[in-house]
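Structure, as C-alpha cells:
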Amino acid sequence: MDTKEFNEAYERLTPKQKEVLKPFLAGEPEEAIAQVLDCDPSNVRHHIANSCSKFGFANQKGEHFRQRQELVELFAKHRPEWVSNEVVKKYVSQILSSVELESPEGSVALDSAFYVERVPDESQCYEEILKPGCLIRLKAPQQMGKTLLLERVLGKAREQGYQTLTLDFQLADSTVLTDYQKFLQWLCANAGDSLELENRVDEYWKDMYGLNKNCTRYFQRYLLAKINSPLVVGLDNVDLVFEQPALFNDFCRLLRGWYDQARQSDRIGEIWKKIRFIVVHSTEVYRAMDINSSPLAGVGLTVELPEFSLQQVQDLAQQYGLNWNASEAEQLMAMVGGHPALVRKAFDCIKNQNVTLEQLLKTAPTEEGVFRDHLGRQLQNLRQHRELEDALLLCVTSLEPVEVDSELAFKLHSMGLVKLQGNCVMSRCDLYRQYFRVRLNT
C-alpha cells in the first residue's frame, strides 16, 4: 500500500475508529482506552478489527493478532511517529524475519520500523513547525540523523497540508559558494524550481536594492505570492555556506530579517508568516565565525541531536531480534558510544553475518573488523589534510581533553570524530581512539 492508498483508507475510518486507533498504536491497553472513551473493552477490540478491515486486512476468525501485526507494520511505515517502541516490540518484532534490515552504513529509510525517535527533540520540531514564520536549527555531526529528521519534519508538515521543499547546499558548485550574488540567485532559482514556478530572477533583480533586498523581494513578491498554503523550506548542509567568510554574516542577517518580518502584524508580516525554515548544520563554530554571536543568535528553536542512550540501544537490539541485556549494550557502547551509524552497523553484522559481540569488539579497531570501511574512509579524508591528522593524533594519544585550533576542532567535530568540551576536544569513542592512535602514528 503506497502513501496515497494509505491516506485514502485512513480517511474512510469513522471518528470513533480514529479515536481508538491512536492510543492503541501508542501502546495504551484496551482497558485504559475503554475507560477514557467510556465504553466496554469489547467495543475497543471491535473498532480495531473494523479498522483492520478498512485497511484491507481480512477479518477471519482466530487471526486477530496477525491482523494487528499488519496494521502496526503499516502505520510504522506511513505514520512512524504514532507507533510506540512497545507496540513495535509486541507486534512487528514477531515478523522480523520478513523485514529487510537497515543498510550496513546505518542509514535508515524514512518509513522504517527500526527508526529510533529521540524525544523530546522530534516532538519539539513537530510542534514548532506549526508556528507561522518559525525557524528550526538541527545541529549534529555527520551520520547522526540530521537529514532523516529533516525529512520526517517535512513529512509532518505535508500531513498538515503544507508545501515543502529542500535546498541542499551540497548541490551548489564552488563558484556559487564563493560569490554571494550567485549564491542568492541560485537560492531563488532553485526554490522556484522546486515549487514548479518559472525562473524570473532577472525580472525581479535590481542592482540598486542590494543583494539581500533583491532576494527578499523575489521571495516576497513572487514565490510567496504564488502559494496559498504555508511553505516549509529545509536548508541542508548549511555548513558549506557558514564556512565561507563572504557569505556567513550576510546570509545569517538575511534569515534573521525574514524571521523578524514574520513577527510583524502588518501586510508584509502576513506574507512572511507563510514560510518556515529548517536549517541543518554540524556545529556552531566556524573559523572565527560563531553562529551564537551572529544575527541568528537566539533565533528560533535549536535542536542538537544526541547519541543513542543505553535504553535506546537496548530497544534497537530488540527490534533487530537480539535478546540483549544491559550488560551487552554497555559493552558495545564502551567501544562505539551511542553513535547511530556505528551501533546500526554492529547490529547488522551480528544479525546477518553471525558475528558474536565478543568477536566484533575484539576486531573492531582493526582492518579485520566490521567498521573497516567506515574507518578507512575517515582515514582517507584525514590523509588529505595534514593539519587534521596532527590534531586528531594529539587527541587520541591523550586520555584528557586537549586544546586544538578552533577551525580544526570544528572540522573534526563535523566529521563526527571528536566531542567538544569547552575549548577542548576528545575522541568521540574508544573505537576511534584505538584505530587512529595506530594508523596516524605510522
Side-chain angles (χ1 to χ4, degrees), residues 132-137 163-281 286-300:
C134 75
L135 187 146
I136 301 172
R137 282 168 43 205
Q163 294 189 67
T164 65
L165 65 90
T166 301
L167 299 175
D168 187 347
F169 294 132
Q170 272 192 143
L171 301 179
D173 60 37
S174 58
T175 61
V176 168
L177 291 173
T178 53
D179 184 313
Y180 193 50
Q181 176 169 317
K182 288 183 179 179
F183 169 72
L184 292 185
Q185 290 179 336
W186 179 92
L187 187 77
C188 291
N190 279 273
D193 186 63
S194 295
L195 295 171
E196 298 184 349
L197 295 175
E198 181 184 355
N199 182 357
R200 298 174 63 183
V201 172
D202 290 340
E203 179 182 339
Y204 281 85
W205 210 267
K206 308 296 181 184
D207 290 341
M208 69 182 75
Y209 288 121
L211 301 181
N212 278 359
K213 177 66 174 179
N214 272 313
C215 187
T216 299
R217 290 177 77 247
Y218 194 76
F219 269 78
Q220 179 179 305
R221 296 192 176 194
Y222 182 47
L223 300 184
L224 295 180
K226 291 289 186 180
I227 61 175
N228 297 316
S229 61
L231 171 66
V232 183
V233 179
L235 303 177
D236 202 3
N237 290 299
V238 184
D239 302 85
L240 295 172
V241 178
F242 289 167
E243 286 186 287
Q244 301 298 326
L247 276 61
F248 176 77
N249 279 318
D250 284 338
F251 186 58
C252 288
R253 190 177 298 111
L254 178 66
L255 292 179
R256 176 59 184 263
W258 290 352
Y259 178 84
D260 289 342
Q261 290 270 35
R263 313 271 81 73
Q264 304 301 315
S265 57
D266 57 10
R267 180 182 64 84
I268 302 302
E270 291 305 312
I271 295 175
W272 285 98
K273 283 180 172 61
K274 291 183 181 181
I275 200 165
R276 290 103 161 116
F277 285 98
I278 307 173
V279 179
V280 182
H281 59 99
Y286 304 86
R287 294 195 177 99
M289 299 172 289
D290 185 349
I291 200 170
N292 289 318
S293 60
S294 79
L296 281 182
V299 170

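We number each residue from 1, following the sequence as shown.
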On a heavy-atom basis, which atom in [X] and which in [Y] lie closest, and how many Å separate them?
X	Y	answer
Val232	Ile278	CG1-CD1, 3.9 Å
Leu167	Ala191	CD2-N, 3.9 Å
Thr178	Ala246	O-CB, 4.4 Å
Ala189	Val201	N-CG2, 4.1 Å
Gln181	Leu211	OE1-CD2, 3.5 Å
Tyr259	Gly300	OH-N, 3.7 Å

### Query
Can you tell me if CD on Glu196 sees more than 12 non-hydrogen neighbours from other groups inside 6.0 Å?
no
#### Entry: Asp266 atom CG, over 12 foreign heavy atoms within 6.0 Å
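Yes, the 6.0 Å shell around CG holds more than 12 heavy atoms from other groups.
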### Message
Check the orientation of His281 and Phe242. Use parallel for under 30°, tilted for 30 to 60°, and perpendicular for over 60°.
### Response
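It falls in the perpendicular class, over 60°.
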### Query
Relative to each other, are the rings of Trp258 and Phe277 parallel, tilted or perpendicular (30° and 60° limits)?
parallel
Enter the distance from [X]:[atom1] to [Y]:[atom2] here, rounded to the nearest 0.5 Å.
X	Y	atom1	atom2	answer
Lys226	Leu224	NZ	CG	12.5 Å
Asp202	Gln185	CG	CD	7.0 Å
Lys182	Leu247	NZ	CG	12.0 Å
Gln220	Ile268	CD	CD1	4.0 Å

### Query
Does the Lys273 side chain pair with the main chain of Pro230, one donor and one acceptor, at a distance under 3.5 Å?
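Checking the backbone N and O of Pro230 against the side chain of Lys273, no donor-acceptor pair under 3.5 Å is found.
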### Query
Counting only N and O atoms by type, is there a donor-acceptor contact under 3.5 Å from the side chain of Lys274 to the main-chain atoms of Ile227?
yes
Taking the side chain as every heavy atom from C-beta outward, state whether [X] and [Y] have any pair of such atoms under 4.5 Å apart.
X	Y	result
Leu177	Phe183	yes
Leu195	Leu231	yes
Gln170	Leu240	yes
Leu223	Ile275	no
Arg276	Pro132	yes

### Message
One pair to check against side chain to side chain contact (heavy atoms under 4.5 Å, CB included): Tyr180 and Leu254. What are the steps and the verdict?
### Response
CA-CA 12 Å; Tyr180 193 50; Leu254 178 66; 4.2 Å; yes
### Query
In terms of side-chain geometry, is the basic nitrogen of Arg253 or Asp250 positioned less than 4.0 Å from the acidic oxygen of its partner?
yes
### Task
Is it possible for you to check whether Arg200 lies under 6.0 Å from the centre of the six-membered ring of Tyr222, through NZ or CZ, and within 45° of that ring's axis?
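Judged by the rule, Arg200 and Tyr222 form a cation-pi pair.
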### Message
Using side chain to side chain contact (heavy atoms under 4.5 Å, CB included), reason through Asp193 and Leu165 one step at a time and then give a plain yes or no.
### Response
CA-CA 10 Å; Asp193 186 63; Leu165 65 90; over 6 Å; no
### Task
With side chain to side chain contact (heavy atoms under 4.5 Å, CB included) as the test, would you mind laying out the steps for Asp173 and Trp186 before giving the verdict?
CA-CA 10 Å; Asp173 60 37; Trp186 179 92; over 6 Å; no
### Audit row: Leu184, Trp205, side chain to side chain contact (heavy atoms under 4.5 Å, CB included) steps and yes/no
CA-CA 11 Å; Leu184 292 185; Trp205 210 267; 3.8 Å; yes
